[in-house]
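Below is one structure, written out as structure tokens; comments come after it.
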Amino acid sequence: MKALLAKYYPFFVSAALMCLLLWFIYPHYQYYIDPDGTAYLTISQRYASGDYMRAINGYWSPWGCWLTAILIRFGMEAVSASVVINVMGGVGFLWVAQSLFLRFDVIGKMQWLMSAALGAFLCYAVFHQSFDDLWECFFLLGCLRLMLSGNFLQRPALWVLTGVLGTLAYFAKAYSFPFFMLNTVVCVQLLAKGNRMLWVRISATAIGVMAVCSMPWIWILHSKYGIWTTSTSGTLNTSWYLVGHPQWKEGLGQLLPPVYGDSPNYWEDPWAANGATPHFWNSFSLFGLQILRVGLNCWKFLVSLFQLSIFFPSVFLFAVLSLFHKKFKALFSPDLRIAVVSFL
């Protein structure tokens, strides 16, 4: 037991220092709330007060709201509660990162440096992104760590647990729903090494568990909105980004009414004010506009790579080559290639 705990010393120290630094800077940053955070906080307050029908929301993911609502019920102020929940997600992120460092035999000094760097970054992320993103990263990295377990192929219990973590990732951020399915199918295909039946069994189990566990929430959304959807955010965001602006319901102009009488603004649930949601398949002009958007997205993606680091595009290209080029492929272990696939 002591030997196992010793392996996680970088995590314990980094998590403790991160929490200490966050406690020190909290008075100066406690009221920084991104625009999305106002909606999340409103929904959290509704859950805490028992206003469940209004709290159910297809645009904003529920996980962070549920956890924040619990702390509010125990008497904590909403903004402080959201920060505490975000810190918990950050600690989970640090833990699973350390587990991956150990899995890939990262040398001790590098473990300490990477844990310290990640902890410093999380001090910024906890305030910058108020809800859910850190939890989503924690759950998805947890799925990857389970798949990289030495006996994953022989233990159906781990397949089920992967599906459960996939469900939690979906509750944290809705776009984890398609990502988890695609990531699972691709990674398990590499793990199975040509054993098609094993590939199908594991993928079907993990995705099936995730779908079953997610269904109660999907049914609740259907009951409120009258449509079968995992989230309204995908439909709205893709439409808004394509056209360049929302299309409001008939009769709505410059002033948008709040969703409910006590809502701070319409942003609590944009679906209520939104009208048509055009997509690229609705017309040839929108199809052409979508092609332009794809080109713009590629350019923004390239810019983002350089913003992360001047060396990051080279790392990204090297990762791609490791999957398709024989010489580069030989430089990576099979497990590391799975991590690379998930990263891409």
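The structure displayed is predicted, hence computed values, not measured ones.
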Taking all heavy atoms of [X] and all of [Y], pick out the closest pair and write down the distance.
X: Thr184; Y: Ala206; value: CG2-CB, 4.1 Å
X: Trp267; Y: Asp36; value: NE1-OD1, 3.3 Å
X: Gly142; Y: Leu165; value: C-CD1, 3.8 Å
X: Leu41; Y: Ala78; value: CD2-O, 3.7 Å

Determine whether a donor-acceptor pair (N or O, by modelled atom type, separation under 3.5 Å) exists between the side chain of [X] and the backbone of [Y].
X: Ser176; Y: Ala169; result: yes
X: Trp135; Y: Gly90; result: no
X: Ser49; Y: Arg46; result: yes
X: Arg293; Y: Tyr241; result: yes
X: Ser239; Y: Thr235; result: no
X: Ser99; Y: Trp95; result: no
X: Ser61; Y: Ala174; result: yes
X: Lys7; Y: Leu102; result: no
X: Gln247; Y: Thr277; result: no
X: Ser149; Y: Phe152; result: no

Examine the side chains of [X] and [Y] and answer whether a donor and an acceptor come within less than 3.5 Å of each other.
X: Asn237; Y: Tyr59; value: yes
X: Trp271; Y: Asn57; value: no
X: Thr42; Y: Glu268; value: no
X: Tyr175; Y: Ser231; value: no

Single-linkage hydrophobic cluster, 4.5 Å side-chain cutoff, [X] and [Y] together:
X: Leu289; Y: Trp240; answer: no
X: Leu67; Y: Val79; answer: yes
X: Val212; Y: Trp219; answer: no

Specify whether [X] and [Y] have parallel, tilted or perpendicular ring planes, treating 30° as the upper limit for parallel and 60° as the lower limit for perpendicular.
X: His279; Y: Trp281; answer: parallel
X: Tyr170; Y: Phe177; answer: perpendicular
X: Trp248; Y: Tyr266; answer: perpendicular

- Take atom OH of Tyr260 as the centre, draw a 6.0 Å sphere, and report whether it contains more than 12 heavy atoms from other residues, nucleotides or ligands. yes
- Task: Answer yes or no: does atom CH2 of Trp217 have more than 12 heavy-atom neighbours from other residues, nucleotides or ligands under 6.0 Å?
- Result: yes
I need the [X] [atom1] to [Y] [atom2] distance, nearest 0.5 Å.
X: Cys187; Y: Phe180; atom1: SG; atom2: CZ; value: 10.0 Å
X: Lys173; Y: Cys137; atom1: NZ; atom2: SG; value: 10.0 Å
X: Ser203; Y: Trp159; atom1: OG; atom2: CH2; value: 10.0 Å

- Query: Are Asp269 and Arg54 ion-paired here, with the side-chain N under 4.0 Å from a carboxylate O?
  - Reply: no
- With a 6.0 Å cut-off on ring centres, are Phe171 and Trp66 close enough? yes
